[in-house]
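Every chain is numbered from 1, with letters handed out A, B, ... down the list of sequences. Below, each value reflects all heavy atoms present in this structure, side chains not excepted, and no hydrogens, waters or symmetry copies.
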Protein chains: 2
Amino acid sequence: MSNPQPSPNNVTSLADRRLLHETVIDQLRDLIVQGELAPETKLNERVLAERLGTSRTPLREAIKFLASEGLVELLPNRGAVVAPLKPEKMKEVFVVLGALEALAGDLACRNATEADIADVRALHFHMLAHHAAGELAQYFKYNQQIHSRIMDCAGNATLAASYRSLNAHVKRARYLANLSRERWDKAVQEHGEILDALTRRDGARLQALLRDHLANKLVLVMEALDKRKAEAAR
Amino acid sequence: MSNPQPSPNNVTSLADRRLLHETVIDQLRDLIVQGELAPETKLNERVLAERLGTSRTPLREAIKFLASEGLVELLPNRGAVVAPLKPEKMKEVFVVLGALEALAGDLACRNATEADIADVRALHFHMLAHHAAGELAQYFKYNQQIHSRIMDCAGNATLAASYRSLNAHVKRARYLANLSRERWDKAVQEHGEILDALTRRDGARLQALLRDHLANKLVLVMEALDKRKAEAAR
DNA sequence: GTTGTTAATTTTGCATACAAAAATGGTTGC
DNA sequence: GCAACCATTTTTGTATGCAAAATTAACAAC
């Protein structure tokens with residue numbers, strides 16, 4: 001049997017063999033979203049490629065991909081930089097996100113199964129637990145999951161993709177916003193109302209709540225951006 | 001006045017010297033949107049690069065960029081194909097576009113200058129002229145410009161970018177929808193009401209009109225897709 | 001004829017090489 | 001000292017080369 005192992009014991013599933021440039025896209029996106037690569041950082045291809053353990057070609061492909069998402073900006077003949085975190089841009093993003101989340105809330109009230117809503121409720125109580133314990137990072141994680149879950153309940157993958165793309169910008173800002181206890185409590189209370197509206201499948205109310213929730217978050221982010229700017233000035 | 005004019009005969013402005021891969025992005029997008037590269041066409045890198053007069057590297061970068069826009073799909077180790085035109089996907093896109101256009105309409109009613117509205121009106125009458133003359137291609141052109149113009153009046157570049165990206169999918173479908181005279185007349189009439197609502201800056205009404213207008217367009221596209229599918233079946 | 005297997009071809013994915021443009025640094029003239 | 005200019009270095013943009021994977025074709029067994 002001189003079979004050179006064509007594929008009898010092919011254990012690697014199709015999902016496993018991810019391509020290098022795809023992992024690079026994810027790595028680079030994480031670096032940007034988590035602030036390790038600060039806004040307006042120049043992306044030196046040689047240095048970054050080495051850091052990510054790859055060559056320039058897949059890195060450049062990843063940069064183009066993220067440029068379309070708006071996380072990096074392309075400067076002709078001068079490479080690329082991490083997209084700046086401009087207050088004006090952030091306002092725009094929140095307005096669009098508001099419309100997308102509102103739409104998702106409305107659709108979710110119509111399309112969610114009872115099991116879906118039970119899942120959101122479970123996440124909600126996890127979030128409450130971390131809020132009570134003062135664990136901000138964990139709180140953020142479940143908070144984010146709740147919003148994503150509602151988005152998924154809407155049953156519109158295109159909507160979800162647009163949301164995810166824009167939400168990356170907001171996530172970036174989160175790492176520099178520090179929540180006061182008062183604001184934090186308020187956000188948690190709003191989440192209670194959101195869960196309530198979803199449970200009663202009151203689409204109109206859920207829309208309004210999500211919009212308000214985002215508007216309050218925008219205030220937080222703007223304050224953080226102003227503060228950062230003030231610090232940069234002195 | 002020491003105007004920094006780097007070189008006297010530097011006619012090429014910064015916008016002019018576009019990079020090869022940027023022109024490739026636009027060329028490839030046009031090929032897809034205008035249907036020259038049909039849905040599900042395999043993108044052979046060697047062939048396409050030759051056709052666009054470039055090498056594989058810029059082409060691959062362009063493909064990654066358009067993948068993020070959703071116009072092409074990446075198949076690991078199997079290259080890329082033009083994104084299929086699935087009815088399900090189209091429905092999703094229209095729902096999201098509806099929310100974005102409605103938002104734009106509302107913002108436009110608040111932010112547009114009188115000059116902006118006059119521009120839209122001018123485009124509207126150009127469109128009417130081409131409708132009267134039965135010139136479908138020119139009608140589409142002005143129709144599209146009206147919607148884009150309203151989008152611009154909203155004064156939210158992020159919103160506009162999201163709209164443009166999703167709208168590319170719809171444009172693709174347009175090339176296979178053939179408008180009956182009745183439907184065409186109805187669309188034109190709707191445009192009259194849209195212009196009216198904008199003129200009166202009635203945001204709530206403009207939102208509703210734009211949503212309905214899109215819903216009607218969706219019906220057209222779905223019919224065209226069904227028809228195409230039926231033809232493909234026999 | 002169909003199915004399964006294997007060799008040949010093609011195509012993709014990544015790395016590298018090379019050319020053009022931009023950034024840097026140093027020198028000169030004032 | 002400093003501004004302008006030119007040479008050097010670095011970095012980007014594009015093309016090409018090469019290995020791995022996938023597709024195709026050919027062929028054998030049933």
Side-chain angles (χ1 to χ4, degrees), chain A residues 1-28 37 40-68 72-83, chain B residues 1-28 37 40-68 72-83:
Chain A
M1 216 193 258
S2 60
N3 193 330
Q5 301 280 30
S7 58
N9 52 358
N10 184 5
V11 256
T12 55
S13 80
L14 222 133
D16 282 356
R17 44 199 171 102
R18 304 183 66 236
L19 292 172
L20 189 44
H21 71 252
E22 304 217 348
T23 73
V24 172
I25 288 173
D26 290 342
Q27 288 180 41
L28 188 51
L37 286 173
E40 291 170 88
T41 305
K42 196 165 180 328
L43 299 180
N44 183 305
E45 296 179 0
R46 197 174 42 77
V47 172
L48 245 187
E50 200 158 337
R51 177 168 176 182
L52 299 181
T54 179
S55 77
R56 285 176 57 216
T57 306
L59 174 62
R60 280 178 64 87
E61 293 179 357
I63 287 174
K64 296 297 176 296
F65 193 95
L66 294 178
S68 181
V72 313
E73 280 185 9
L74 303 176
L75 312 174
N77 289 315
R78 298 184 53 193
V81 296
V82 178
Chain B
M1 213 192 258
S2 59
N3 199 327
Q5 191 84 354
S7 56
N9 54 354
N10 182 7
V11 256
T12 56
S13 79
L14 220 133
D16 280 356
R17 45 193 172 106
R18 305 182 66 234
L19 260 24
L20 188 45
H21 71 251
E22 303 217 349
T23 72
V24 171
I25 288 173
D26 290 342
Q27 287 179 42
L28 186 52
L37 287 173
E40 292 170 86
T41 304
K42 197 165 180 326
L43 299 179
N44 184 306
E45 296 178 359
R46 197 176 41 77
V47 173
L48 245 186
E50 199 159 339
R51 177 169 178 182
L52 300 181
T54 178
S55 76
R56 285 175 55 216
T57 306
L59 173 63
R60 280 177 63 87
E61 293 179 357
I63 287 174
K64 297 296 177 298
F65 192 97
L66 293 178
S68 180
V72 313
E73 280 185 8
L74 303 176
L75 312 175
N77 289 316
R78 299 182 53 195
V81 296
V82 178

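- Counting to the nearest Å, the P atom of D/dG13 and the CG atom of B/Leu59 are 17 Å from each other.
- Distance NZ (B/Lys64) to C1' (C/dC14): 11 Å, rounded to an integer number of Å.
- Between A/Ser55 and C/dA15 there is a side-chain polar atom (N or O) within less than 4.0 angstrom of OP1 or OP2.
- Computed from coordinates, the A/Leu74 CG to D/dT12 C1' distance equals 12 Å when rounded to whole Å.
- The heavy-atom pair separating B/Glu45 from B/Leu59 by the smallest distance is O-CD2, 3.3 Å.
- Rounding to whole angstrom units, CD of residue B/Glu50 and P of D/dA15 are separated by 12 Å.
- B/Thr54 contributes atom OG1, which lies 9.0 Å from atom CD of B/Gln27 (distance to the nearest 0.5 angstrom).
- Expressed to the nearest 0.5 Å, how far CG of B/Leu52 lies from CD1 of B/Ile25 amounts to 12.0 Å.
- Taking B/Arg78 as the reference, nothing meets the salt bridge (Lys or Arg N to Asp or Glu O under 4.0 Å) condition, with sequence neighbours excluded.
- Under 4.0 angstrom from either OP1 or OP2 of C/dC14 there lies at least one side-chain N or O belonging to A/His21.
- Annotation: salt bridge (Lys or Arg N to Asp or Glu O under 4.0 Å) contacts of A/Arg51 (sequence neighbours excluded): A/Glu36.
- Taking CZ of A/Arg56 as the reference point, atom CD1 of A/Ile63 lies at 9.5 Å (rounded to 0.5 Å).
- Phosphate contact (OP1/OP2 of C/dG13, side-chain N/O of A/Thr57, threshold under 4.0 Å): absent.
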Polar atom pairs between nucleotides 9-12 of chain C and protein, under 3.5 Å, N or O only, would you list them?
| residue | atom | partner | partner atom | Å |
| --- | --- | --- | --- | --- |
| C/dT11 | OP1 | B/Asn44 | ND2 | 3.2 |
| C/dT11 | OP2 | B/Arg46 | NH2 | 2.7 |
| C/dT12 | OP1 | B/Lys42 | NZ | 3.4 |
| C/dT12 | OP1 | B/Leu43 | O | 3.3 |
| C/dT12 | OP2 | B/Glu45 | N | 3.3 |

